[in-house]
Amino acid sequence: MNTSEPSASPSFDFASIEKKWQKKWGAEHLFEVDAQEGKPKYFVNFPYPYINSYLHLGHAFSATRVDVMARYKRAQGFNVLFPQGWHCTGTPVWAAAQRLREKEPKQTAIMKSLGFSDDEIEKFSDVEHWIDTFVPAAQEDFSRIGASVDWRRSFITTSLNPPYDRFIAWQFRKLKEKGYLVKGKHPVVWCPKDQMPVGDHDRLEGEGETPQEFSLLKFAFGDDFLIAATLRPETVFGQTNFWVNPDVQYMRIKVKNERWIVSYECAQKLLEQDWQIEFLDPVPGSELVGKYCKAPLINREIIILPASFVDPRFGTGLVTSVPSDAPYDYIALLDLQKDTETLKLYGLDSKVISAIHPIPIIESKTYGDLPALRIIEQLKIKNQQDPRLEQATQTIYKEGFYSGKLKAACGTYAGMSVVLAKDKMKVDMAAAGLLEPFYELSGKVTCRCLTPCAVKVVSDQWFLNYGDKTWKDLVKKCLSKMNLYPELVRQQFNYVVDWLNAWACTHHHGTGTKLPWDEHWVIESLSDSTIYMAYYTIAHLIKDYPVEKIDDSFFDYIFFGKGTGDAEMQRMRKEFLYWYPFDVRSSAKDLIQNHLSFCLFNHVAIFPEEHWPKGFSVNGWLLVGGEKMSKSKGNFFTIRDMLEKYPADALRAGLMFGGEGLDDPNFDFTNAETVQQKLEQWYSFVQDYYHPSSDEKELNRSDKIFVSAIHRYLKEGTEAMELMNFRSGFDRLFFQMQRVLKEYLKRGEPNQAVVNYFIECQIPLLSPFCPHLAEELWEKIGKKGFVSFASWPASDPSKIDLKLEETEKVVDKTVSDVMNVLKLVKEKSGKEGQTIYLYVMPQELSFFDAAVMTRRVGKEVKVFAVNDKNKHDPEGKAAKAKPGKPGIFIS
RNA sequence: GCGGGGAUGCCGGAGUGGUCAAACGGGCUUGGCUUAGGACCAAGUGGCUUAGUGCUUGCGCAGGUUCGAAUCCUGUUCCCCGCACCA
């Protein structure tokens, strides 16, 4: 092997370069930063990941965005803080550990797929083992992709970290003091045996099912009320009759001062839902048939009829009939009208029954004004036992709810959209005492103890009252002053802030911090992660502070400057004041409607205005190969998987080049591979071309074009970086830069000083994206210190010469014309052209260089001004010359 | 339905009133180099035409404004995300 030629070994070992520099950064504590008087700071962060597994490529995307920003700002001269903590609060890990304790096969299989041995899996039945495993793994992954994190400030959440635990307790006491926490009723899925709420993970069946809000409607029936439950109170104007199951024994119960008739099962549910009731006597369903009751709101007497589809276990076991919009009701009516036997059995007058017709009440786009009829015809449903009725009901519900408008039959509500009318009618009927809320599960849920679950209304649930108007106004004020990247998410944020309502912020179980004044509650995970960015400012110091001395007055001092503090506390106060607020927090767009908005609400509630967040950056969801990452599609990748395939620098750049803005970025394998190749080429190029030289030759035309382009892309790229448009940034600062370099070299005879200058620019520009390679090259060209701290090259507007670059386009075009003509000559005459004569306008002579043209065309090129008397022009081609378009003659 | 974002070549995507057949990246075709592959270099990649510098088509669909529109306006179709108490 010839070692004297650097280009003889163009490929090199990315892995060892990465290790080398990660080690050096660590050894020099490069990214461990403290408050530094007089130096401007920049604080970036992103939501701490939940540590229930290895981090995936989506995390890498988010982390890289933040790291690129951190490195860019560092190059801009800022003292940059990029801390990283880990979120352990919540139920998933807690539940998974419990499942492993119970040796559940599904969870065990998941652990196996992550590569854990049976012995190891057993250890995961302890929550702490998850933390001990995945937190170091996550930190390792971050380090391996080159994230410039100050690891001293890393921490975990929950009571496992007492100082943090106390911080959250402090936060909640503050919120309570200020009246932002309210107590209220809240429906949960409940196991009557365990006397506990049942989360998704505790269910044998019914994952994803939630309490659904129904309305109980009251139908006056003598001195009693028949109660029907409905999801569609807006359809009351279409009521034609009432359904009862004649085979069911109903119960008369006392509720408040009223007597209700409902099924026995319903009465049980009412008890769970916090109603005070008293059982009176049974009422056989058959006795009700044929009688009349008064429908609420419309005050119409409607007949009570028998129907077999009525299920005592669902709702109240009584149903109001709206045949126009409810397929069940319509088909039951048809069934009954044909069923002379039943009519006879209950002594029902067939004339009366036949006279019952659906009343058109809602006009919907696709199903017209009698949707139930329409859909039953479409699906050819024959009777009330058909299972497709369920699907038909849902289809119509969705259609009617979203696109429906109330028709004239609906009295004062006519003309309103269903969306609006529904709420209005609920409010009106509730005010009239005709409607009560009721919850029913959206599907069957069975607890792991095999007990069927029901809805329980918890009466002492704590809420963060995000519906509060004055609180919202503060958030809007904060928002109006924030930098948002991209700016167009502002609309979305304003919308969300308006729409957010009271948020249940406590859970019965899971890991986390206990609600300090009501310790049977655990603070829920989205609620304990709203202002912790402030905790980063002191996280490294508080670790060494005596836990017992950390109380509310401690935090009051650190964050508000209230009271006095010892030397350590003063230092923490200083750190907080220096770093806070954060400058930008970056996240995927799905967190807009919860986490990011909560972050603002809690900041404005707790902190004075000078510590309100300054910026959010929002990005799309990372796609891999154009598709959502998913295990079932086989395109789910952890960071560690990817680092096996690609060098960290290629991975980072590939991710950043995948996309920007709100669109979903796409990580494409070919992109990462391309980047890797280009980086390798760049590495050899620098080795081959960088030669320190004191030779200051005057810049020629070609040099000036090159320098102009450098400064132009530098300007464009820097602007993109400021807006966190890293795709554009990488494009301008690397791909375009490399392109103009290539063009420059093509023009021949590069000026060593200019090439050196280019290399000295390109390396720091590459550094935010590909920090390892950049460090290596920085060292290779003999620069002192780390490129991580090198200054960002400044664009010099005086060097940008657009006119000059424009003239080069003319030359390019001419070259391509010449090539074209050469080709045609060969095709037509079979002869190779030997010499090319160019006739250009005199003023253009200065940028047509015969040597350059000869080099680029590969044949001898002679250049003349059109008016040159000595020109060689046998065919008068010179006459064709125009500004920007030389005449061409080939011999 | 509401709120938000979109629709440009074979693909990912630039481009927001003229100089844009359309950056950059990928793919593909041809040629060079090479034992071969990869890499690299060169040319090509809507249609037509041509010893060139030309014409034409086109930016979801339909209209409109303008001397001129992918870009502005109106209508319309389709796609994606969210609509919650779950991290």
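- Residues satisfying the salt bridge (charged side-chain N to carboxylate O under 4.0 Å, His left out) test with K426(A), not counting sequence neighbours, are E213(A).
- The partner of rG1(B) is rC83(B), by the rule that a Watson-Crick or G-U pair needs both atom distances under 3.5 Å.
- Using a 4.0 Å heavy-atom distance criterion, G887(A) is classed as a base contact.
- Taking atom CG on N619(A) and atom P on rC81(B), their separation rounds to 16 Å, with Å as the unit.
- Checked against the 6.0 Å centroid threshold, H507(A) and W521(A) do not count as a close aromatic pair.
- In this structure, N594(A) places its CG atom 8 Å from C1' of rA84(B), rounding to the nearest Å.
- Within 4.0 Å (heavy atoms only), N52(A) reaches no atom of the nucleic acid at all.
- The side chain to side chain donor-acceptor pair (under 3.5 Å) search around R232(A) returns E234(A), not counting sequence neighbours.
- The separation of rU29(B) from rG18(B), taken at their P atoms, amounts to 37 Å, rounded to a whole angstrom.
- Looking at the side chain of Y495(A), the nearest of the listed nucleotides rA84(B), rG82(B), rA87(B) is rG82(B).
- Rounded to whole Å, the separation between the P atoms of rA84(B) and rU74(B) comes to 32 Å.
- For K424(A), the side chain to side chain donor-acceptor pair (under 3.5 Å) partners at least two apart in sequence or on another chain are D428(A).
- Here, rC85(B) and rC80(B) have their P atoms 23 Å apart, quoted to the whole Å.
- When the P atom is used for both rA22(B) and rG46(B), the distance is 10 Å, rounded to whole Å.
- In this structure rG31(B) sits in a base pair with rC41(B), meeting the Watson-Crick or G-U test at under 3.5 Å.
- Rounded to the nearest Å, the gap between the P atom of rG60(B) and that of rA70(B) is 10 Å.
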Can you give the donor-acceptor pairs under 3.5 Å from side chains of residues 497-505 of chain A to other protein atoms, not counting sequence neighbours?
unit_1  : atom_1 : unit_2  : atom_2 : d
D498(A) : OD1    : K476(A) : NZ     : 2.6
D498(A) : OD2    : K476(A) : NZ     : 3.3
W503(A) : NE1    : E524(A) : OE1    : 3.2

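- Every residue two or more places apart in sequence or in another chain was checked for a salt bridge (charged side-chain N to carboxylate O under 4.0 Å, His left out) with D468(A), and none qualifies.
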Task: Nucleic acid footprint by protein, nucleotides 22-29 of chain B - heavy-atom cut-off 4.0 Å, B for base, S for sugar-phosphate alone - done: -BSSS---
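- Near RNA chain B, meaning a heavy atom under 4.0 Å from it, residues 522-530 of chain A has E524(A), S525(A), L526(A) in order of number.
- Applying the side chain to side chain donor-acceptor pair (under 3.5 Å) criterion to S728(A), with sequence neighbours excluded, gives E660(A).
- Remark: Y180(A) pairs with no residue by the side chain to side chain donor-acceptor pair (under 3.5 Å) rule, at least two apart or across chains.
- Mapping W621(A) and T89(A) onto RNA chain B by nearest heavy atom places W621(A) closer to the 5' end of the strand.
- At rG5(B), none of the side-chain N or O atoms of Q492(A) fall inside 4.0 Å of OP1 or OP2 (strictly under the cut-off).
- Using a 4.0 Å cut-off, no side-chain N or O of H595(A) falls inside it from OP1 or OP2 of rG82(B).
- Following rounding to the nearest Å, L484(A) (CG) and rG5(B) (C1') show an atom-to-atom distance of 16 Å.
- Each of Q491(A) and F598(A) has a nearest nucleotide on RNA chain B; the 5'-most of these lies closest to Q491(A).
- One C1' atom belongs to rG26(B), the other to rG13(B), and the distance between them is 11 Å to the nearest Å.
- The interatomic distance linking I592(A) (CD1) with rC83(B) (P) rounds to 12 Å, in whole Å.
- No side-chain heavy atom of K183(A) sits less than 4.5 Å from a side-chain heavy atom of F463(A).
- Atom-to-atom, CZ of F667(A) to P of rG13(B) comes out at 15 Å; the value is rounded to the nearest Å.
- Under the 6.0 Å cut-off for aromatic ring centres, Y485(A) and F616(A) do not qualify, their centroids lying 6.0 Å or more apart.
- Separation of the P atoms belonging to rC78(B) and rC61(B) is 15 Å when rounded to the nearest angstrom.
- To the nearest angstrom, C1' of rG12(B) lies 11 Å from CG of L623(A).
- At whole-Å resolution of the value, NZ in K589(A) and P in rC83(B) are 13 Å apart.
- Under the 30°/60° scheme for interplanar angles, the aromatic rings of F134(A) and W130(A) are found to be tilted.
- Here, rU76(B) and rC83(B) have their C1' atoms 26 Å apart, quoted to the whole Å.
- Per the geometry, CG belonging to L591(A) stands 12 Å off C1' belonging to rG82(B), to the nearest Å.
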